[in-house]
2 protein chains.
Amino acid sequence: MRERPKIKDIAVKAGVSVATVSRALADSSLVTAETRQRIRELARELNYRPNVSARNLRTRKSMAVLLVVRDVGNPFYLDVLKGVEATAREAGYSVLMGNTENEPARETEYFHMLRDGHADGMILMTGKLPPDGGTRAGGWSRLPVVVALEMIKGSRLPHVQIDNVGAARTAVEHLISLGHRRIAHISGPIPEQMSLDRREGYRLAMRAADLDIPAGYEVCGNFLLESGQEACRRLIALPEPPTALFVANDEMAYGAVHELRRSGCDVPRDVSIVGFDDLYLSKAFYPPLTTVSQPRAEIGRTAMELLLKILSGGRTDADDAIVLPTALNIRSSTAPPR
Amino acid sequence: MRERPKIKDIAVKAGVSVATVSRALADSSLVTAETRQRIRELARELNYRPNVSARNLRTRKSMAVLLVVRDVGNPFYLDVLKGVEATAREAGYSVLMGNTENEPARETEYFHMLRDGHADGMILMTGKLPPDGGTRAGGWSRLPVVVALEMIKGSRLPHVQIDNVGAARTAVEHLISLGHRRIAHISGPIPEQMSLDRREGYRLAMRAADLDIPAGYEVCGNFLLESGQEACRRLIALPEPPTALFVANDEMAYGAVHELRRSGCDVPRDVSIVGFDDLYLSKAFYPPLTTVSQPRAEIGRTAMELLLKILSGGRTDADDAIVLPTALNIRSSTAPPR
DNA sequence: GTGAAAGCGCTAACAG
DNA sequence: CTGTTAGCGCTTTCAC
């Protein structure tokens, strides 16, 4: 086998011009079925594959999308990534991983990568836009970007999201309906929109039921296991500790349960716990965790589909704000108070 | 602001040639510090960024690496991905995600992508080479590929791995030293190398201790939670059920514990369990899981470093088989038999 | 239907 | 030190 054959090699062998080969390979109707056939066979024979850099340069496309998350190490993104990857693949796109670690500079860097032609579009799951979003001509919002998972308020970008406020509210109402009155909340980092929303849902449910939120009942975590543990420790130490916890994500909920157990409390006998996310593990956890499940894979899929639509020239109106349904998954970490 | 400025725009504005601009931007020493300075400022002013497709075409590099795994949805890969991403980033590379779902066709497709210039190198974590690996000139082994996590026997490719046999053996020896004699094993899919190796470690430990492996004591799973549950169910139903389980990964171990609990057995009182992987969750699991921990992030980092070395012209000898250490993490899911 | 030719934007010889 | 020039491999007018 030769070195990588180029289009010209095929052209020579087939006795046609490079243009014809290019057309034949692109399935253009401007080419006789016969020549097309011949060229395709020749291409296969030579094991020809087009050089993507050349094609990208010429077509000004990269057939890649950039998926930017806060932390690639977070298990939450797994299914989302899976959804994105599958959909992208089917459409002939590849997926570039972006990881910001919450650093604004990186956030900006990925937008640059998009402009530079590394990718044709981007799915942004970090909940924020680069700092200088407004100063550039047209801002970043002109770029083919879909915001998913975490919404960015006031950004005219198309969104794929869930109703965090409503879902959180439903979760807390479940606790209330069980008879709990002393319900605390472990939130994500404030002032991230997602944390704010879930806390808002908690507050709404409490207010609607005429329940008090005593001082110290709202503890702020960072979505990581240890912070759930730490937050729980503080809650237990309160003069009047809660009988139920609404935790802003499963990972922190795991930490909270762990801490409760360490201090001799039983879940749900002494304290009920509701999480958020329904990680793949939550059903095998002990006790099986009551939690809000969100359609992660579908979020990924939908976001990618929306991006594809935009890339193929579809409108990018803000009415493209898609809200996917959540569900409260009631398992064994919640029970009536003693 | 203009449309994307190109190198020529800068050249014109600066009154120099494109070559000079290119050099200045590349920090070539062939350019006066002064002109370089001037050009760089101009570039920043114009918000210039090089077009990657053009550069890729010209340099025949993409500054991207392909990370291919069996299943992007598997939490096991998280930290590995994180290690790869961080190292790649530092070196100026981006990471393309590849997902094979165990389909040979996809496996091949990613090798093609590599050849096509989508990426400069590849980190392969699927444990297999495409079917026609040998028929092509030089086979796939000529490409800049590093195999990580799962080894491919007899492939001259550089490897980054752990000693699965030894680690498994140590895990089982722990059980034996606790006094267990009826020890069963839930393996991964056979005949995957990784599953084979861990089972081999189990067998070696058993044989060395003169312990029998009764019929039905080796059950095959697929590394997923449900399969651990299912396998455990069969083990419990045995006329003489085991008092300890060595499970080939944590996820299946979770499933096994879950099943044991469902059927009224206590872990570790009735059955001891050792897992493999030490997922981030295993310490918050109930009971905290005794498990073999492998340095996932470091595996990712090392694989990427090795790939970088190869890409920069380093040797790719098979003596580049790097074995990273594991550790047995003893927690609360193991205890002496009753 | 097919071919000739013009670039996409950049880098790297080669001259000066 | 700087400029001129020739492509990288492909797609796509524009002629024929």
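Computed over heavy atoms, backbone and side chain alike; hydrogens, waters and symmetry mates excluded. Below, chains carry the letters A, B, ... as their sequence lines are ordered, and counting in each starts from 1.
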What does the list of N/O pairs under 3.5 Å between the protein and nucleotides 6-8 of chain C look like, with a distance for each?
from, atom 1, to, atom 2, distance (Å)
C:dG7, N2, A:R58, NH1, 3.0
C:dC8, O3', A:R60, NH2, 2.8

Integer-rounded Å distance: [N] [atom2] and [X] [atom1]:
{"X": "B:R38", "N": "D:dC1", "atom1": "CZ", "atom2": "C1'", "answer": "13 Å"}
{"X": "B:D116", "N": "D:dC10", "atom1": "CG", "atom2": "C1'", "answer": "13 Å"}
{"X": "A:I10", "N": "D:dT11", "atom1": "CD1", "atom2": "P", "answer": "11 Å"}
{"X": "B:H118", "N": "D:dG9", "atom1": "NE2", "atom2": "P", "answer": "16 Å"}
{"X": "B:I39", "N": "D:dC1", "atom1": "CD1", "atom2": "C1'", "answer": "12 Å"}
{"X": "B:D27", "N": "C:dT11", "atom1": "CG", "atom2": "C1'", "answer": "16 Å"}
{"X": "B:L25", "N": "C:dG9", "atom1": "CG", "atom2": "P", "answer": "16 Å"}
{"X": "A:R49", "N": "D:dC10", "atom1": "CZ", "atom2": "P", "answer": "12 Å"}

Look at the side-chain N and O atoms of [X] and state whether any lies under 4.0 Å from the OP1 or OP2 oxygen of [N].
{"X": "A:Y48", "N": "D:dG9", "answer": "no"}
{"X": "B:S22", "N": "C:dT11", "answer": "yes"}
{"X": "B:T35", "N": "D:dT2", "answer": "yes"}

Nucleotide of C:dG3, C:dG1, D:dC10 approaching A:I7 most closely (side-chain heavy atoms)
D:dC10
Nearest listed nucleotide, side chain of B:R23, among C:dC14, C:dT11, C:dT2
C:dC14
So, A:N56 versus A:S62: side-chain donor-acceptor pair below 3.5 Å or not?
no
Checking side-chain polar atoms at under 3.5 Å, does A:E45 have a donor or acceptor matched by the opposite partner on A:N47?
no
Determine, step by step, whether B:V80 and B:M125 satisfy the side-chain contact (heavy atoms from CB on, under 4.5 Å) criterion, reporting the C-alpha distance in whole Å, the side-chain angles of both residues, the deciding distance to 0.1 Å, and the verdict.
CA-CA 10 Å; B:V80 186; B:M125 314 224 224; 3.2 Å; yes
salt_bridge(B:R49, A:D116) N-O dist < 4.0 Å
yes
So, are A:K82 and A:E298 salt-bridged, with charged N and O less than 4.0 Å apart?
no
How would you label the contact of A:S53 with the nucleic acid (heavy atoms, under 4.0 Å): base, sugar-phosphate, or nothing?
nothing
With A:N102 as partner, the option from A:E107, A:E192, A:R70 fulfilling side chain to side chain donor-acceptor pair (under 3.5 Å) is A:R70
Are A:L129 and A:V147 close enough, and set up right, to give a side-chain contact (heavy atoms from CB on, under 4.5 Å), and what steps lead you there?
CA-CA 10 Å; A:L129 253 16; A:V147 177; 5.5 Å; no
